[in-house]
Amino acid sequence: QVQLVESGGGSVQAGNSLRLSCAVSGRIFSRYHMGWFRQAPGKEREFVAAIAWNGRSTVYADSVKGRFTISRDNIRNTMYLQMGSLKPEDTAVYYCAADRDILGAVPTSSSGFDMWGQGTQVTVSS
């Protein structure tokens, strides 16, 4: 059974950086589209970034373009989100997600992903 586990969250000051990791168990990680979402208290879950199964295509939300970088290591079965120039509005629980159907385009909505991690808290203070 496939399992996704996020790590790397924490509390930092604005302007600093964090790197989140999503470790995926399973034999076919290389065949999953992967993505990151975040959810702040009282708000809807929002798209952050996504990466194609082969790593050749990436998509970013406008709010994080130029600051965040999504990547993956298919040998280590791990996806990453390098977050730089963090802002207080980046504070949220961050979730990794996987899409097992790689015949379609890389999803950018929650409904496009069918496997989710438990989330990791990121808090950015001013």
Side-chain angles (χ1 to χ4, degrees):
Q1 298 296 314
V2 176
Q3 184 174 345
L4 287 66
V5 180
E6 302 94 335
S7 63
S11 299
V12 299
Q13 290 183 301
N16 287 342
S17 300
L18 278 176
R19 188 177 77 163
L20 305 183
S21 298
C22 176
V24 181
S25 64
R27 302 170 64 185
I28 54 173
F29 173 72
S30 63
R31 297 296 184 178
Y32 301 157
H33 294 326
M34 300 291 295
W36 287 98
F37 290 77
R38 65 188 183 187
Q39 187 169 23
K43 295 186 177 180
E44 297 289 328
R45 184 172 299 184
E46 67 172 336
F47 171 76
V48 176
I51 186 167
W53 69 273
N54 58 9
R56 294 184 178 181
S57 178
T58 57
V59 186
Y60 295 92
D62 289 341
S63 59
V64 305
K65 285 182 178 178
R67 299 190 298 120
F68 291 10
T69 301
I70 188 171
S71 62
R72 65 190 297 160
D73 184 339
N74 285 352
I75 296 177
R76 304 295 182 186
N77 285 1
T78 304
M79 177 182 64
Y80 304 96
L81 184 68
Q82 180 67 46
M83 305 183 294
S85 300
L86 283 164
K87 305 174 181 179
E89 50 262 45
D90 294 319
T91 296
V93 176
Y94 283 70
Y95 299 89
C96 66
D99 170 26
R100 292 173 290 181
D101 182 8
I102 62 172
L103 295 179
V106 181
T108 58
S109 63
S110 296
S111 61
F113 294 88
D114 52 15
M115 297 184 293
W116 295 84
Q118 85 290 341
T120 186
Q121 177 71 48
V122 173
T123 302
V124 184
S125 62
S126 60

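The structure places CZ of F68 at 9.0 Å from CG of L18, a figure rounded to the nearest 0.5 Å. With values rounded to the nearest 0.5 angstrom, H33 atom NE2 is found 8.0 Å from N54 atom CG. From M34, atom CE reaches atom OG of S71 across 11.5 Å, with rounding to the nearest 0.5 Å. Taking OG of S17 as the start and CG of L86 as the end, the distance is 6.0 Å to the nearest 0.5 Å. Rounding to the nearest 0.5 Å gives a distance of 11.0 Å between CG of L81 and OG1 of T120. Here R72 contributes atom CZ and Y32 contributes atom OH; the two are 10.0 Å apart, rounded to the nearest 0.5 Å.
In this structure, W116 and S110 approach most closely via the heavy-atom pair CZ2-O, 3.6 Å. In this structure, A50 and F113 approach most closely via the heavy-atom pair CB-CZ, 4.4 Å. Of all non-hydrogen atoms in P107 and D99, the two that sit nearest each other are CG-OD2, 3.3 Å. Contact between W36 and Y80 at its shortest, heavy atoms only, is NE1-O, 3.4 Å. Across all non-hydrogen atoms, the minimal contact from G9 to V122 is CA-CG2, 4.2 Å. The nearest pair of heavy atoms linking I75 to D73 is N-OD1, 3.0 Å.
T69 places no side-chain N or O within donor-acceptor distance of the main-chain N or O of Q82, the cut-off being under 3.5 Å. Of the possible donor and acceptor atoms, one in the side chain of E6 sits under 3.5 Å from a partner among the backbone N and O of Q118.
V59 and L20 are not part of a single hydrophobic cluster, where members link through side-chain heavy atoms under 4.5 Å apart.
Stacking of R100 on the aromatic ring of W53 is not recorded, the 6.0 Å distance cut-off and the 45° axial limit not both being met.
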Passes side chain to side chain contact (heavy atoms under 4.5 Å, CB included), R45 versus V93? Steps please.
CA-CA 9 Å; R45 184 172 299 184; V93 176; over 6 Å; no
In sequence, state the C-alpha distance, the side-chain angles, and the governing distance for V24 and T78, and then conclude on side chain to side chain contact (heavy atoms under 4.5 Å, CB included).
CA-CA 6 Å; V24 181; T78 304; over 6 Å; no
Before you tell me yes or no, could you show the steps for Y94 and R38 under side chain to side chain donor-acceptor pair (under 3.5 Å), namely the whole-Å CA-CA distance, both residues' side-chain angles and the distance that decides it to 0.1 Å?
CA-CA 4 Å; Y94 283 70; R38 65 188 183 187; 2.9 Å; yes
Begin with the C-alpha distance, continue with both residues' side-chain angles, and end with the deciding distance and a verdict on ring-ring contact (aromatic ring centres under 6.0 Å, His included) for F37 and F47.
CA-CA 5 Å; F37 290 77; F47 171 76; 5.7 Å; yes
Extract all donor-acceptor atom pairs below 3.5 Å that involve side chains of residues 60-67 and protein atoms in other chains or at least two apart in sequence.
{"residue": "Y60", "atom": "OH", "partner": "I70", "partner atom": "N", "Å": "2.9"}
{"residue": "D62", "atom": "OD1", "partner": "K65", "partner atom": "NZ", "Å": "3.2"}
{"residue": "R67", "atom": "NH1", "partner": "S85", "partner atom": "O", "Å": "3.0"}
{"residue": "R67", "atom": "NH1", "partner": "D90", "partner atom": "OD2", "Å": "2.8"}
{"residue": "R67", "atom": "NH2", "partner": "S63", "partner atom": "O", "Å": "2.9"}
{"residue": "R67", "atom": "NH2", "partner": "D90", "partner atom": "OD1", "Å": "3.1"}

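Qualifying side-chain hydrogen bond (donor to acceptor under 3.5 Å, both in side chains) partners for Q39, counting only residues two or more places apart in sequence or in other chains: none.
The list of disulfide (SG to SG under 2.5 Å) pairs with a residue in residues 77-108, not counting sequence neighbours, reads C22-C96.
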